[in-house]
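Have a look at the structure below before the remarks.
Residue numbers begin at 1 in each chain, while the letters A, B, ... track the order of the sequences. Basis for what follows: all heavy atoms, side chains included, without hydrogens, waters or symmetry-related copies. Please read all numbers here as calculations on a predicted model, not as lab measurements.
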2 protein chains.
Amino acid sequence: MQKGKSHVSLKDIAREIGVSISTVSRALNNHPDISPEVTRKVQKLAAELNYTPNPLAMGLLKQATRMIGVIVPDLVTHFYSSIISGIEDIAEQKGYYILIASSNETLQKEIKAVENLMKTRVEGLIVCLSQETKNYDHFNRLINTNIPLVFFDRVCRTDEVSSVVVDNVDAAQKITRHFYKNGFRRIAYIAGPDHLNISQERTRGYISGLKSCGLEFHPELLVKCNLSSKDAIKATAQLLNLPERPDAIFGINDTVAFAAMKEIKRQGFRIPEDVALVGFTDEFHSTVVDPALTSITHPTFEIGQEAARLFFRCVENPEAKATQVILNTKLVIRKSSVK
Amino acid sequence: MQKGKSHVSLKDIAREIGVSISTVSRALNNHPDISPEVTRKVQKLAAELNYTPNPLAMGLLKQATRMIGVIVPDLVTHFYSSIISGIEDIAEQKGYYILIASSNETLQKEIKAVENLMKTRVEGLIVCLSQETKNYDHFNRLINTNIPLVFFDRVCRTDEVSSVVVDNVDAAQKITRHFYKNGFRRIAYIAGPDHLNISQERTRGYISGLKSCGLEFHPELLVKCNLSSKDAIKATAQLLNLPERPDAIFGINDTVAFAAMKEIKRQGFRIPEDVALVGFTDEFHSTVVDPALTSITHPTFEIGQEAARLFFRCVENPEAKATQVILNTKLVIRKSSVK
DNA sequence: TATTATAGTGCAAAGGTTTGCGCAAAGGTT
DNA sequence: AACCTTTGCGCAAACCTTTGCACTATAATA
């Protein structure tokens, strides 16, 4: 077979049967105007030839590509891939496809991704901001022209743009209280960059959690890192080297918690006897490490599903106001935080 | 702003300047027929209005969507996401986008994914077979109509379809020899399903590796599993319960190796003192577990790149014969296999 | 029988882009 | 003055689909 034969069009069917293209189109759509006999013949041949409507032609005609652009900080983290699966789940039900782009945690690539996806005429975007993103101008065009846009996890402009997040304040409180209940008193927290909502919120939860336990907040126990492994190790070392060492640490996410675990072990401390550790992560890694890591699990699949649902709400009702969906997390207690 | 204003077309520019659509098109493509003055005006306005050619229209016209379909067994494994990054890297350079689908390791979803992606008129497919796939009929249409198709890692029909794999035989030999050099003599292997090329090849390497070390092949030291964690644990238990316990185990992949690690620890054996362990995996997880896992690292990003390169060879030269790219692996020695 | 309703089709436009060809005006050559 | 060449542009077709409208028969009614 040669090139060009790979897809049949209405024209091919029309020529074969000897009717017009419009008749074929109507026959396939069971239009009542078409005689039963023609309809039958057309449908039979279409099935035989494996006809499927050309989405390009449809897209052009209907001005709708049935594509969603998804931008994540990276693809290799379980957290994001799992969320993508959730998005895909809902998208598939609606007959939509998703086009995935990764920002690699840089603003520059995020901007490029927005541009590129818009070029492909996706109908809208579902985005988790990169770690670097403090300026949100690249979303202006979408917001102004009312193109569907949904943020998740790391969000911004929540009054204009729908978003789905977890209750970070509550989650951080849960961790602090869990530490307290298990006898830990010098509870440290390795945070992320200030401009990220997740970092701010967890910090708030950490501090209010301390208060609700009757503990004082010691600023030296709150350290920041840029979410890289290397920086997290430095932050951990900083905590461990304090004159009065913390007896419990919680890290803002996977990478940070694992890095902390490595550094704690490297310095010869035992987990949880000397230093307890809790992560903020998803279900997979935590059970692989030793000791198994207590952590906040995100409902990642659900986050994706909710984001997709919000997206379709935008598509179907462009005038709808921005909504924020807040999902709950669960503290899964494992060995790393229980003496 | 209202819907429909979100993208400008040649028509918009033409109307504004007062020339025909074709003139605008040519001006933007720097066609010599167009006067410098008109060209300048058109290009200026196009830039101002943020014009980008509509890919749907182009796709329809050129019968080329600049889209590649990628099917992987799952998205949440680092191995695949990293390969996807490699594919993306090359695709981006060529101005192509990729559409990702996951088979969830089932044949049924794989077939569906092929269908769906073909419906969207991707120009071709890059595929890693699902674990279940023994029948390859769903690729017939692609092969017969000469639609670009490339397999990676888990491959089939290598005489008709280009593919990229790692040298599995060599890798398994390396592991066996490494065990031998470090004083292990009862070397066991947890394999996968027989119909997968990767399983077969690694088994071959395991056996020939044993021979090259002057060790005898004991059939009871070769057990199979279906690549699930649960099954791998069962397989590990089976090995550990042998009257003559193996002193070294290698698992066919990540999941298996981690499961084995858990089970070995659970039974109270020390790694590597009682049982050494080597995995077949990529760089990330291995350093997180304790003890750090010796393993074969795949050049995942490169696998993706090579697959994409093969793909474009198919696109640019549809008559080219199928080629097989074989990449080398590296044995990264960590604590789990050195006494 | 003449008129009208109805069933069953086809035409053409629209969506956006490229490109072969035609056409007009201007300039150049005998 | 008559012809040819060049320059610069527009028309229309093609890619594929849907759909309002027009059209042709045939059947039904007056």
Handout entry: Nearest-angstrom distance from the residue atom CG of B/Leu61 to P of D/dA13
Key = 15 Å

Exercise for the section: First locate atom CD1 of A/Ile83, then atom NE2 of A/His78, and finally report the distance between them rounded to the nearest 0.5 Å. Expected result: 10.5 Å

Practice task
Mind running side-chain contact (heavy atoms from CB on, under 4.5 Å) on B/Arg157 and B/Tyr136 for me, showing each step along the way?
Solution key: CA-CA 8 Å; B/Arg157 298 202 182 190; B/Tyr136 314 115; 3.9 Å; yes

Exercise for the section: Tell me, with the steps shown, if A/Ile17 and A/Val24 meet side-chain contact (heavy atoms from CB on, under 4.5 Å). Expected result: CA-CA 9 Å; A/Ile17 300 201; A/Val24 175; 5.9 Å; no

Exercise for the section: Treat a base pair as Watson-Crick or G-U wobble with both distances under 3.5 Å, then lay out DNA chain C in dot-bracket form, 5' to 3', with | for cross-strand pairs. Expected result: ||||||||||||||||||||||||||||||

Practice task
Look up atom CD1 in B/Ile111 and atom OG1 in B/Thr133, then write down how far apart they are to the nearest 0.5 Å.
Solution key: 7.5 Å

Exercise for the section: For residues B/Asn197 and B/Arg154, determine if any side-chain heavy atom of one lies less than 4.5 Å from a side-chain heavy atom of the other. Expected result: yes

Handout entry: Residue met sooner reading DNA chain D from 5', once B/Val24 and B/Lys62 are mapped to nucleotides
Key = B/Val24

Problem - A/Glu37 vs B/Leu60, nearer the 5' end of DNA chain C by closest nucleotide - result: A/Glu37

Practice task
Choose from D/dC15, C/dT17, C/dG10 the nucleotide whose nearest atom is closest to any side-chain atom of B/Leu10.
Solution key: C/dT17

Fill in the blank from the handout: B/His31 atom NE2 is separated from C/dG20 atom P, nearest whole Å, by 8 Å

Problem - Distance test, side-chain N/O of A/Thr23 to OP1/OP2 of C/dG10, below 4.0 Å - result: yes

Problem - Contact under 4.0 Å: A/Ser9 side-chain N or O vs D/dC15 OP1/OP2 - result: no

Handout entry: Point-to-point distance, once rounded to the nearest 0.5 Å, from CG of B/Asp137 to CD1 of B/Ile143
Key = 9.5 Å

Problem - Between OG on residue B/Ser162 and NZ on residue B/Lys321, distance to nearest 0.5 Å - result: 10.5 Å

Handout entry: Pairing of B/Glu306 and B/Arg309 as salt bridge, 4.0 angstrom limit
Key = yes

Handout entry: Distance-only donor-acceptor test (3.5 Å): side chain A/Arg26, base C/dG10
Key = yes

Practice task
Figure out the CG/C1' separation between A/Asn30 and D/dT18, and round it to whole Å.
Solution key: 15 Å

Handout entry: Proximity to the side chain of B/Ser35 - top-ranked nucleotide from C/dG8, D/dC9, C/dT18
Key = D/dC9

Fill in the blank from the handout: Rounded to the nearest 0.5 angstrom, the CG-CG distance for B/Asn54 and B/Leu61 is 11.5 Å

Exercise for the section: With rounding to the nearest 0.5 Å, note down the distance linking OG in A/Ser85 to CG in B/Asp74. Expected result: 8.0 Å

Exercise for the section: Report yes if at least one side-chain N or O of A/Ser25 is closer than 4.0 Å to OP1 or OP2 of D/dT18; otherwise report no. Expected result: yes

Exercise for the section: Using side-chain hydrogen bond (donor to acceptor under 3.5 Å, both in side chains) as the criterion, point out the one residue from B/Arg121, B/Glu115, B/Lys119 that pairs with A/Thr52. Expected result: B/Arg121

Practice task
Figure out the CG/C1' separation between A/Asn29 and D/dT19, and round it to whole Å.
Solution key: 11 Å

Handout entry: Presence of donor-acceptor pair under 3.5 Å, side chain of A/Ser22 and base of C/dC11
Key = yes

Strictly under 3.5 Å: I want the nitrogen or oxygen pairs between protein and nucleotides 22-27 of chain C, one per line.
none

Handout entry: CA sep, side-chain torsions, deciding dist, call: B/Thr120, B/Asn116, side-chain contact (heavy atoms from CB on, under 4.5 Å)
Key = CA-CA 6 Å; B/Thr120 68; B/Asn116 281 338; 5.7 Å; no

Problem - Gap between atoms CG and P, on B/Leu28 and C/dT17 respectively (whole Å) - result: 9 Å

Problem - Nucleic acid contacts - residues 40-50 of chain A versus DNA chain C, non-hydrogen atoms under 4.0 Å - result: none

Problem - Presence of A/Lys11 side-chain N/O under 4.0 Å of D/dC15 phosphate oxygens OP1/OP2 - result: yes

Practice task
Describe the nucleic acid contact of B/Ile34 in one word from base, sugar-phosphate, nothing, applying a heavy-atom distance below 4.0 Å.
Solution key: sugar-phosphate

Exercise for the section: Under the side-chain contact (heavy atoms from CB on, under 4.5 Å) rule, what do A/Ser130 and A/Lys109 come out as? Steps first, then yes or no, please. Expected result: CA-CA 9 Å; A/Ser130 96; A/Lys109 286 208 77 175; over 6 Å; no

Exercise for the section: Calculate the interatomic distance between B/Gln63 atom CD and C/dT19 atom C1'; express it in whole Å. Expected result: 16 Å

Handout entry: Whole-Å distance separating the CD1 atom of A/Ile13 from the P atom of C/dG10
Key = 14 Å

